[in-house]
Each structure stands twice: as structure tokens, then as C-alpha cells.
Amino acid sequence: MSRAVWVAGNWKMNGTESSASDLARQVRETLPERPVRVALCPPSVHLAAVREAIAGSGILLGAQDCAAEENGAYTGEVSAAQLVDMGCECVIVGHSERRRHQKEDDALLVRKLARAFAHRLVPLYCVGETLEERRAGATDAAVTKQLDQGLSPALGHGLPFVIAYEPVWAIGTGVVATIPQAEEVHGVVRRWLAKRLGALGDAIPVLYGGSVNRDNAGGLLASPQIDGALVGGASLSSEEFLAIVRAAGEKKGGEAS
Ligand code: PEP
């Protein structure tokens with residue numbers, strides 16, 4: 001089955017309103033015509049500026065997180081409904097930086113995913129092992145636990161979602177997983193999807209994230225197991241990001257929507 005190919009840029013906590021707007025405009029102006037779903041995930045305070053810059057381009061607006069609650073007295077939080085109101089179509093959930101710094105656990109992520117699904121946001125759910133887990137031979141167990149406990153309870157409605165395998169030791173470090181390392185864990189995720197969702201699991205894209213750049217994207221994205229990339233640092237340069245989009249566009253079997 002051909003799965004949608006995604007390249008999502010996670011801008012994290014970087015930029016100003018005007019730099020966010022400029023970057024989005026540069027991506028828009030030079031976006032190659034490729035059958036790739038391209039998403040930009042700016043800081044939430046820059047969503048409106050980016051929405052304006054990409055209007056009508058087909059680029060998806062994404063958020064980096066959403067609240068686990070629907071609304072109410074949760075100072076500083078942004079709800080899934082508010083993200084939709086801003087024009088978002090997708091949201092990153094369970095990024096390892098939030099698991100680590102904000103102490104987000106799987107039980108909380110189930111609730112965030114439920115809010116995202118309820119508002120028809122496509123969640124980009126992140127899983128990945130720490131260096132200690134890898135060294136202890138516990139990679140598969142760590143990823144499977146994040147799928148079993150953080151994702152599985154939120155499923156059952158047939159709505160689309162995306163999984164991003166992001167080894168924690170590869171995020172923002174310049175150390176990228178080797179293609180066999182990435183393929184091995186993508187295989188774990190794919191088998192989990194088949195077991196949990198049967199044939200429907202085959203339609204779920206599994207992206208790789210962790211120090212993807214213009215030099216390593218071609219090799220990673222050529223793998224039939226890797227359906228695209230979640231890109232952090234390299235998404236802050238339109239040239240780097242678009243080179244990754246071009247590499248994704250070379251994949252066989254991708255589809256436009
Ligand atoms: C990320 O934060 O999701 C990520 C993959 O970051 P980087 O590309 O900088 O490693």
C-alpha cells in the first residue's frame with residue numbers, strides 16, 4: 001500500500017513573528033511540486049503569522065503540543081479547539097522534549113491525543129528510546145510501551161494519525177540513527193500497527209526524526225520503511241528544509257493526499 005509521505009518542520013521555541021513569517025514565506029515560494037505533505041509547526045504565538053504566510057499553498061499548519069483538557073482554568077495551555085480555530089490541521093504530541101522537560105507521561109498523552117482526535121487534528125505522535133535504553137538493549141520495549149500506553153487507548157475511531165520514531169539520543173545532537181537502526185525500530189512500529197489495527201495500520205505513515213539534514217535525508221528517505229521526516233534544527237533554514245522535502249519527493253509510492 002502507498003502511504004502519504006510527510007515532512008514536518010518543528011521550529012520549537014525559536015524565532016520572532018517576523019522571522020517566522022519570513023521563513024514560512026520562503027518555504028512557500030520555493031516549495032517543489034512533490035507528492036509530499038509538508039507541515040510547519042511554529043511556536044503557538046506565531047501560528048497566525050505563519051497561517052497568513054502559507055494561506056492557499058497546501059502547506060499544513062501544525063502545532064507543537066495541545067492541552068489534555070477541553071477548556072477552562074489551565075493557565076498557559078492551548079487547547080485543540082483553539083488550534084483548529086487558528087487554522088491548524090495537525091499537532092505534535094509526545095515529543096521527547098516535552099516528555100523530559102514537562103514530565104509528560106503516557107497517561108497524559110492519551111488525553112492529549114483524545115482532544116486532538118476529537119477536533120480532527122492529525123496527531124504526529126512521537127516515540128523513541130533514550131541512549132541508556134538503547135545501550136541496555138531495551139529499545140523495542142521502550143517504544144512498544146509508548147505505543148501501548150500512550151497511543152493505543154486513544155485509538156478505535158479510524159481517524160488518521162502519524163507516528164514519528166525519534167531516538168532521543170539523535171534529537172538536536174547531530175548524531176543520526178543509521179539506516180538499519182531506524183529501519184529496525186520502524187519495523188517494530190509497523191508490526192505493532194498491524195497487530196493493533198490490522199490492515200488499517202498499513203495506511204499510517206511512520207516518520208523518522210533526529211538530526212535529519214540535507215546530507216542524510218536522501219539515504220534515510222530512500223528506505224521503504226521510512227515514510228518521511230520530522231525535522232527540528234534543519235527546518236529553521238528554508239534551503240535545508242526544502243532539500244529534505246525534495247528528497248522525500250523522490251520516494252516511490254507516495255501520494256499527494
Ligand atoms: C525534533 O525535535 O523533532 C527533531 C527531530 O530535532 P532535530 O532534527 O534538530 O534533531
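Atoms within each ligand, like the ligands themselves, are counted from 1 in listed order. This is a predicted model, so every value here is computed, not measured. Counting from 1, the numbers follow the sequence of the chain as shown. FYI, side chains are in, hydrogens and waters are out, and symmetry mates aren't considered; it's all heavy atoms of this structure.
Between M13 atom CE and E97 atom CD the span is 10.0 Å, to the nearest 0.5 Å. Note that NE2 of H119 and CD of Q82 are 9.5 Å apart. Values are rounded to the nearest 0.5 Å.
Closer than 4.0 angstrom to ligand 1 by heavy atom are N10, K12, H95, E166, A170, I171, G172, G209, G210, S211, L230, V231, G232, G233, sorted by chain and number.
No path of Ile, Leu, Val, Met, Phe, Trp and Tyr side chains, each step under 4.5 Å between heavy atoms, connects I92 with L61, placing them in separate hydrophobic clusters.
Annotation: side-chain hydrogen bond (donor to acceptor under 3.5 Å, both in side chains) contacts involving residues 204-225, sequence neighbours excluded, comprise E183-S223, N213-N216.
No salt bridge links E89 with R120; every basic N to acidic carboxylate O contact stays at or beyond 4.0 Å.
By the 30° and 60° cut-offs, the orientation of the rings of H157 relative to F117 is tilted.
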